[in-house]
Amino acid sequence: MENKVKIARVSLDLTQQELAEMVGVTRQTISLIEKGRYNPTLKLCLEICYAVNQTLDEVFWQERKE
Amino acid sequence: MEKIKDERLQLKNLKNIRITFIVQTLGIIGILLYDLINHGMDGMTDNPVWFVFILTGVINAYLSMSISVEHEKTKRSPVTRLYISLGVITLISLLFVTFIALTSGYNVMDGLLVGGIVFVCSVIPAFYMYGLRQKERDE
């Protein structure tokens, strides 16, 4: 699943490890989310959004693919 | 060992447990087949592993019921369905009683015993399903 987690994280100058600690997961999970290889639960998506001070729309929204 | 909080790892852990369960079940089936071939049906059922196998089977069946209930599409009320189940169960139990009572070497008491066991073993899941359907309705 594509997302803008990496952009949001880098804009705050956070490392994957720091973001992982903020949301209570491992660094590998953040890495897999950024690569679009892990589909996080809504709860984790919200935690990430709270950590990077952005909304779900800004970080995770994507237009429907035709 | 530290408690896993990462949802991805929790999911992975569950998948690992599933693989372990499959291997364990295959092992149990292997042991039972070995017993069946070498010591016959009685030898197999005498093995305590047989009890474990049957118990896990029953637990699995009960747990699967909660999934099938949520998958149902019928609009019929749980009470109606309970009555239908009870009717069918009674009919099947009576058939057991009749056939066993009529079989040579067995009497009516044997028939009633087997019919009673069939009835009780079917009524419990029927009421369990009724409870699940009521709960699902409330949600």
Side-chain angles (χ1 to χ4, degrees), chain A, chain B residues 1-29 52-53 55-78 81 125 127-139:
Chain A
M1 195 182 81
E2 280 174 37
N3 55 68
K4 301 183 193 75
V5 173
K6 188 172 183 179
I7 301 167
R9 175 176 63 78
V10 171
S11 69
L12 283 177
D13 211 18
L14 287 170
T15 63
Q16 284 185 343
Q17 184 64 45
E18 284 165 342
L19 179 61
E21 280 167 18
M22 285 166 84
V23 298
V25 295
T26 58
R27 187 196 61 76
Q28 286 84 346
T29 301
I30 297 294
S31 168
L32 289 170
I33 292 170
E34 288 182 359
K35 286 178 190 159
R37 281 170 48 198
Y38 173 65
N39 193 359
T41 61
L42 183 57
K43 190 168 165 262
L44 182 54
C45 291
L46 280 171
E47 289 296 335
I48 292 171
C49 291
Y50 297 146
V52 296
N53 293 319
Q54 290 193 25
T55 63
L56 272 177
D57 259 12
E58 289 165 333
V59 184
F60 289 100
W61 177 254
Q62 48 184 276
E63 291 300 328
R64 189 192 290 260
K65 288 183 181 123
E66 293 303 319
Chain B
M1 209 171 96
E2 203 179 328
K3 198 185 170 209
I4 303 164
K5 285 181 189 148
D6 190 324
E7 58 173 44
R8 184 179 62 87
L9 295 178
Q10 283 172 341
L11 199 67
K12 208 173 167 185
N13 205 16
L14 284 176
K15 284 179 182 168
N16 291 348
I17 292 171
R18 189 175 59 180
I19 293 167
T20 317
F21 178 74
I22 291 169
V23 173
Q24 199 172 336
T25 307
L26 287 176
I28 288 175
I29 291 172
V52 175
F53 184 65
L55 187 72
T56 44
V58 170
I59 291 171
N60 189 23
Y62 271 87
L63 293 175
S64 302
M65 280 184 218
S66 63
I67 293 168
S68 3
V69 161
E70 293 191 28
H71 205 255
E72 285 171 349
K73 290 190 177 79
T74 173
K75 294 269 187 293
R76 224 178 269 163
S77 96
R81 302 194 74 182
F127 274 97
Y128 181 65
M129 285 288 266
Y130 167 73
L132 285 174
R133 285 181 183 132
Q134 285 287 17
K135 198 176 140 209
E136 184 218 18
R137 234 178 193 210
D138 294 341
E139 282 164 357

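Chain letters run A, B, ... following the sequence lines, proteins first and then strands; every chain starts at 1.
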How long is the gap from CG on A/Leu44 to CG on B/Asp6, to the nearest 0.5 Å?
7.5 Å
Step through the shown structure and confirm whether more than 12 heavy atoms of other residues, nucleotides or ligands are within 6.0 Å of OH on B/Tyr62.
yes
Does OH belonging to A/Tyr50 count more than 12 external heavy atoms closer than 6.0 Å?
no
Measure A/Ile33 against the heavy atoms of chain B and call it side chain, backbone, both or neither at under 4.5 Å.
neither
Whether over 12 other heavy atoms sit under 6.0 Å from A/Glu2 CD:
no
With side chains defined as the heavy atoms from C-beta onward, is the minimum distance between B/Arg8 and A/Thr26 less than 4.5 Å?
yes
State whether the number of non-hydrogen atoms from other residues, nucleotides or ligands found under 6.0 Å of A/Asp13 atom CG is greater than 12.
no
With a cut-off of 6.0 Å (strictly less than), are more than 12 heavy atoms of other residues, nucleotides or ligands near NZ of A/Lys4?
yes
Does any backbone or side-chain atom of B/Ile4 lie under 4.5 Å from a heavy atom of chain A? Answer side chain, backbone, both or neither.
neither
So, the side chain of B/Glu7 versus the backbone of A/Thr41: is there a donor-acceptor pair under 3.5 Å, distance only?
yes
